[in-house]
Novice: 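I have a structure I would like to understand better, so I am pasting it below and will then ask my questions one at a time.
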Amino acid sequence: MAKSTFFNSLPTRDRKAAKGLVAPAVIGIWVVILFPLLYALYVSVHDWILSQGEIGRLNFSNYITVLQDPLLLNAAKNTVILTASVVILEISIGFGLALLLNNKCIRLRNLYLFILLIPMLMPPITVGLIWRLLLHPDLGIINYALSLVGLPQPIWLADPTLAMITIIIVDVWHETSFIILVLLAGLTSLPDELYEAAMIDGANAWQKFRFVTIPLLAPTILVATIIRMIAALKTYDLVYILTRGGPGIATETISYYIYKVFFVFLDMGKSSAMAFILLGIIVLMTLVLMRVMRRVEQ
Amino acid sequence: MLVKFKRNFGITISHFLLILSSLAILLPILWVIRTSLANRLIAYKIPPVWFFTPTFDNYLTIFDKYPFQQYFVNSLVISGIASIVALIIGSLAAYSIARFRTGDPWLRLSMLSTQMLPPIALVIPIFLIMRFVQMWDTLPGLVLAYLSFNLPYTVWILISFFQSIPVEIEEAAMIDGCSRIQSLVRVIFPVALPGLLSAGVFNFILNWNEFLFALILTGRNTRTLPVAIASLWTQQGVNIGAVSAATVVTILPVVILTYVIQKSLVRNLTFGSVK
């Protein structure tokens, strides 16, 4: 490991103190992250059904078996649909609302902002519960409202397509706040001089947006996209509380399917192998997006 | 004339869109609060009864029939202890990395890279280990598990806080005769306090909301609020009033704490990558 030259130039006493101060955190990271991960890697190449006793024999084919599992493929497909939909919807809606809130002529903008930020830190489980109450086919207020205007009253979470759409809508309700907050912070930090210069050059509102706002905000939008995408790829809580992956397997995400293989089928080896595949996908996508970001910043 | 009309029109449209989205956020929450205050009969009525005398029966039910005070205390203790431990250990490491560039850049980047880790990948081995060392369904077990995301987060966020404090303050204190530890405790920490506080509160909220680890690592003894309310739905069909009351009880502390740290929310939520 290459040590920084700065660190080596420090007096020995300081270097000792510096190492002493990071030691508890490094030990902590080893105990709660690295050691469990290494252990999971070990488990992932073994046969181990928990209900049948302790860890079985070495079996490298776990990874091949799970990659051929049609249920994992189905979960991957659902995860991609979910992630792509929520990221696109949340970025577009969030960007739109951030632009509206960035207009200083809007009265009550602090009140709007406060309301729009409420969902952000609500526990996902409570968000799911609230929507289950609202969408309940017989007792929910939404179907009652639909009946008043003469629209059909679907059984939201029982239809395969509709269940996925519902999860997407609830996720957008929950997470768009985050995008609004981040993009609004980005917008307010843009320098006024550039807009003034654009105005002097005779740019209209659209041109200012297209040639000043968009290029300057692009890095922030990308960061928001990366953060949301990583989180969406791990979606678990909302699926658990809204549909349990159902109806059938229509809304099983990768995280939920791994949970099922782990906690319901009690297959430690295969669930660990899948978890590493999910980790690999996330790392890969993050690296790709970060490369894109570097290009945008140049 | 036309320009003015156009501008007014734009502002009206903006208000219209903002009101629409605000209602989309507020109405579901208000509806749950309303349902939590309705008695059993009214809660189930469709078409809904709009005016009724509010009652706290549902709140009494969840604290009386189910041990929600126990779940509340579990959540409070686990979230609180994990975030405090992370703050103590993490702030020391962050200070060291910020001031001495300890383990540069690997240590710093490894903290950030933990963000990519899916919780399910970590919870499987942690469950197996806890089962082996008999820490499953214990408070320390869940606290340790929560450190896996509290600790890297705290270190990462606080590095930039410590970097923003000028070295000169510390050097001045040392010239005045403070030892390095004294200057750390008496000079640096008071200055860094707002940062420490917001990192601690944010960790607390993360822990309070956490579901997957709690679902798998807790049993009868240590169940936290999210796990408890999730099971409330299935146990009895739906007791709409009780579910609503439990939801309100779970959300309330988070809303209050969010208000406390609202200024540093962006930094906290984006892992410091957007300033």
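Chain letters run A, B, ... following the sequence lines, proteins first and then strands; every chain starts at 1.
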Novice: Considering non-hydrogen atoms only, spot the tightest contact between Ile124(B) and Ser271(A) and give its length.
Specialist: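 Minimum heavy-atom contact is CD1-OG, 3.6 Å.
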
Novice: Which atoms of Glu210(B) come close to chain A, meaning under 4.5 Å heavy atom to heavy atom: side chain ones, backbone ones, both, or neither?
Specialist: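 No part of Glu210(B) comes within 4.5 Å of chain A.
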
Novice: Does Trp208(B) use its side chain to pair, donor to acceptor, with the backbone of Pro123(A) at less than 3.5 Å?
Specialist: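 Checked: no pair found.
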
Novice: Please flag which part of Asn143(A) lies under 4.5 Å from any non-hydrogen atom of chain B: side chain, backbone, both or neither.
Specialist: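 Neither the backbone nor the side chain of Asn143(A) comes within 4.5 Å of chain B.
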
Novice: Heavy-atom distances under 4.5 Å only: say whether Val254(B) touches chain A with side chain, backbone, both or neither.
Specialist: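 For Val254(B), the side chain is the part near chain A, not the backbone.
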
Novice: Check whether any side-chain N or O of Asp14(A) sits under 3.5 Å from a backbone N or O of Phe100(B) as a donor-acceptor pair, and report yes or no.
Specialist: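 Flag not set: sc Asp14(A) to bb Phe100(B) has no pair under 3.5 Å.
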
Novice: Shortest non-hydrogen contact from Leu151(B) to Ala25(A)?
Specialist: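 Closest approach of Leu151(B) to Ala25(A), heavy atoms only: CD2-O, 3.9 Å.
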
Novice: Which pairs, with at least one residue in residues 14-23 of chain B and sequence neighbours excluded, count as a side chain to side chain donor-acceptor pair (under 3.5 Å)?
Specialist: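 Residue pairs with at least one partner in residues 14-23 of chain B: Tyr112(A)-His15(B).
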
Novice: So which residue, Arg109(A), Arg15(A), Arg107(A), Met274(A), ends up with the most heavy-atom pairs under 4.5 Å with chain B?
Specialist: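 Of Arg109(A), Arg15(A), Arg107(A), Met274(A), Arg107(A) has the most heavy-atom pairs under 4.5 Å with chain B.
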
Novice: Under the salt bridge (Lys or Arg N to Asp or Glu O under 4.0 Å) rule, what pairs show up with a residue in residues 20-44 of chain A, not counting sequence neighbours?
Specialist: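 As it turns out, there is no salt bridge (Lys or Arg N to Asp or Glu O under 4.0 Å) pair with a partner in residues 20-44 of chain A once direct neighbours are skipped.
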
Novice: Return the CD1 to OG1 distance between Ile125(A) and Thr224(B), rounded to the nearest 0.5 Å.
Specialist: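 Here the interatomic distance stands at 9.5 Å.
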
Novice: Go through the atoms of Val43(A) and report whether side chain, backbone, both or neither lie under 4.5 Å from a heavy atom of chain B.
Specialist: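 For Val43(A), the side chain is the part near chain B, not the backbone.
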
Novice: Can you find a pair of side-chain heavy atoms, one from Leu128(B) and one from Trp48(A), that are under 4.5 Å apart?
Specialist: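 Yes - at least one pair of side-chain heavy atoms lies under 4.5 Å apart.
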
Novice: What's the shortest heavy-atom distance between Ala40(A) and Pro125(B), and which atoms?
Specialist: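 Closest heavy-atom pair between Ala40(A) and Pro125(B): CB-CG, 3.6 Å.
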
Novice: Identify which part of Leu134(A) has an atom lying under 4.5 Å from any heavy atom of chain B, answering side chain, backbone, both or neither.
Specialist: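 Only the side chain of Leu134(A) comes within 4.5 Å of chain B.
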
Novice: Given heavy-atom pairs under 4.5 angstrom as the criterion, report whether the side chain, backbone, both or neither of Ile241(A) touches chain B.
Specialist: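 Side chain only.
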
Novice: Between Ile118(A) and chain B, which part of the residue has a heavy atom less than 4.5 Å away: side chain, backbone, both or neither?
Specialist: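 Interface part for Ile118(A): side chain.
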
